[in-house]
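Let me begin by presenting the structure, written as structure tokens, before commenting on it.
Position 1 is the first residue of the sequence, and the numbers go up from there.
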Amino acid sequence: LGWLAPYSMMTWAHLYVLIIFARYLRELLYRSTENDQNKRPAHRTVDRSVLLRIPYQKIYRIPVILTANLRSISNKVDELQYVAECNNVDAVCISESWLSPQISDSVVAIPGYNLFRNDRMSTPGGGVCIYLRETIPCTRLFQCICEQPDVESLWLSLRPHSLPRSISSIVLCVVYHSTANGQPENVVLSNHIRSNLDSLLMKQPNALVVIAGDFNPRSTGLKPKDLTQPNNLKQIVKFRTRDTRTLDWFLTNRPDIFNLFQLPKIARSDHFTILAKPITTTDAFTHNPKSVSARFSGQCMACVWPLAD
């Protein structure tokens, strides 16, 4: 068996080399792991006392409203569209639209908006219309006497998404009160608005009411209190809308949630434009509503109606 001795010696030599090589690999692996651990950032605790606590505020969606007397809308559609897009307007209330049945909706259409109109049929001129963003659910109010021939008005009921709980819906109205009107027409307009609000607020007592338009108080003798006192509204336009006078009004039962701005005249219109931007954070809707007395069809009924302090 002597001839096996060289092979056994080679086997033991190979085994010894393998053991040394394994120890070398283990040492390399250990050093590599140690280097990786040294490169990792040390764990740091966060001092939560220095973190800024941001209070939660829910954002509500009240429409941005633009109102203007354009004295013919047919030749000012492009300018009106530009102003509406630049200010992210949801509802455009136009008095003196000067539209007629011979002018189709497609002629004065604005992309992204639905058009509602109430044209004057008796004589040229006058008329009112509302452009409403097509994503806002709404209903045109034809019921009862919401629209009557001797008053140029247009009434919509809006139900935008993300309304605060204190507002069940929005009643939006645009009015044009002609310079040819006098005291008898003032009484008709006052009764018209009161009767409509009595009927509508009986069903939706927490509705937000907005009535905008050109009332021509200088020519007609109409006073803001003729419309505000019977309906618990407030006229909040404090700047001039034509020359040195305030002919265009913005009446609402929630004056605390709107900021009004005077914009330049659109195209060749002789009236300044009114932009009403709502306050859309939670703070504007956290006050306690006052209980007031509202008139409904000759009866006095107690209801909860949010009003500004």
Side-chain angles (χ1 to χ4, degrees), residues 57-69 87-93 95 130 136 153 155-160 162-175 177 189-190 192-194 196-198 200-201 204-215 217 222-241 245-263 271-295 302-309:
Q57 283 191 333
K58 183 176 180 179
I59 302 300
Y60 296 115
R61 192 73 178 95
I62 306 294
V64 178
I65 302 173
L66 184 85
T67 177
N69 180 319
N87 294 281
N88 196 26
V89 175
D90 299 302
V92 181
C93 300
S95 53
I130 295 178
I136 299 179
S153 66
W155 297 75
L156 299 180
S157 177
L158 317 182
R159 191 61 178 88
S162 300
L163 279 179
R165 291 186 179 181
S166 60
I167 298 177
S168 58
S169 63
I170 299 175
V171 175
L172 178 62
C173 171
V174 59
V175 173
H177 198 49
L189 176 62
S190 179
H192 169 76
I193 293 177
R194 186 181 69 249
N196 284 340
L197 292 182
D198 285 353
L200 295 171
L201 294 178
Q204 297 285 342
N206 293 326
L208 168 64
V209 177
V210 172
I211 301 176
D214 183 2
F215 292 85
L222 184 68
K223 299 178 181 178
K225 67 178 183 179
D226 297 336
L227 304 179
T228 58
Q229 289 182 357
N231 304 295
N232 296 297
L233 303 176
K234 185 175 181 180
Q235 201 289 107
I236 58 176
V237 179
K238 304 302 181 184
F239 47 79
R240 59 192 177 98
T241 60
R245 304 165 188 153
T246 302
L247 305 184
D248 302 87
W249 294 347
F250 192 95
L251 311 173
T252 180
N253 62 341
R254 291 297 303 270
D256 56 318
I257 65 174
F258 285 104
N259 290 325
L260 265 57
F261 303 90
Q262 181 196 60
L263 299 186
H271 285 245
F272 291 100
T273 305
I274 300 173
L275 178 67
K277 301 191 73 172
I279 302 171
T280 55
T281 58
T282 312
D283 297 338
F285 306 96
T286 55
H287 71 285
N288 296 324
K290 296 179 180 179
S291 180
V292 298
S293 176
R295 295 176 57 183
C303 70
V304 175
W305 198 333
L307 293 176
D309 293 331

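At a threshold of 4.5 Å between non-hydrogen side-chain atoms, the residues Leu263 and Asn87 count as touching. Proximity of Leu172 to Ile130: side-chain heavy atoms (C-beta onward) are separated by under 4.5 Å at one or more points. Leu233 places none of its side-chain heavy atoms less than 4.5 Å from the side chain of Leu227. Annotation: side chain of Ile62 is in contact with side chain of Pro164 (closest heavy-atom distance under 4.5 Å). A heavy-atom distance below 4.5 Å is found between the side chains of Thr252 and Ile236. Under the 4.5 Å side-chain criterion, counting only non-hydrogen atoms from C-beta, Pro224 is not in contact with Pro217. In this structure, the side chains of Leu189 and Val175 come closer than 4.5 Å at one or more pairs of heavy atoms. Between His271 and Asp214 there is a side-chain heavy-atom pair separated by less than 4.5 Å.
Remark: Asp90 engages Arg61, Arg133 in a side-chain hydrogen bond (donor to acceptor under 3.5 Å, both in side chains) (not counting sequence neighbours). With sequence neighbours left out, the side chain to side chain contact (heavy atoms under 4.5 Å, CB included) criterion links Lys225 to Lys223, Thr228, Gln229. Residues forming a salt bridge (Lys or Arg N to Asp or Glu O under 4.0 Å) with Arg245 (at least two apart in sequence, or on another chain): none.
Here OG of Ser166 is found 7.5 Å from CG of Asn206. Values are rounded to the nearest 0.5 Å. Once rounded to the nearest 0.5 Å, the distance linking CD1 of Ile274 with CH2 of Trp249 reads 11.5 Å. Considering CG of Leu200 and CH2 of Trp155, their distance stands at 6.5 Å, rounded to 0.5 Å.
Proximity of a side-chain donor or acceptor of Ser153 to a complementary backbone N or O of Val174 within less than 3.5 Å is not detected. Not one N or O on the side chain of Arg254 forms a donor-acceptor pair closer than 3.5 Å with the backbone of Ile167. In this structure, the side chain of Asp226 does not engage the main chain of Leu222 through any donor-acceptor pair within 3.5 Å.
Heavy-atom minimum distance, Leu163 versus Ser169: CD1-CA, 4.1 Å. Contact record, Gln235 with Val237: OE1-N, 2.7 Å, taken as the closest heavy-atom pair. Ala207 and Asn253 make their closest contact through O-ND2, 3.0 Å (heavy atoms, listed as atom of the first residue, atom of the second, distance). Listed here is the closest heavy atom pair of Thr246 and Arg240: OG1-CA, 3.8 Å. Residues Val209 and Ile211 come closest through the heavy atom pair CG1-CG1, 4.1 Å.
When only modelled atom types and interatomic distance are considered, Asp248 and Thr241 share a side-chain donor-acceptor pair under 3.5 Å.
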Using ring-ring contact (aromatic ring centres under 6.0 Å, His included), reason through Phe250 and Phe258 one step at a time and then give a plain yes or no. CA-CA 10 Å; Phe250 192 95; Phe258 285 104; 5.4 Å; yes
Evaluation steps, side chain to side chain contact (heavy atoms under 4.5 Å, CB included), between Asn231 and Ile193: CA-CA 8 Å; Asn231 304 295; Ile193 293 177; 3.8 Å; yes
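Here the options are Val64, Ile65, Asn259, the test is side chain to side chain contact (heavy atoms under 4.5 Å, CB included), and the partner is Leu275; only Val64 passes.
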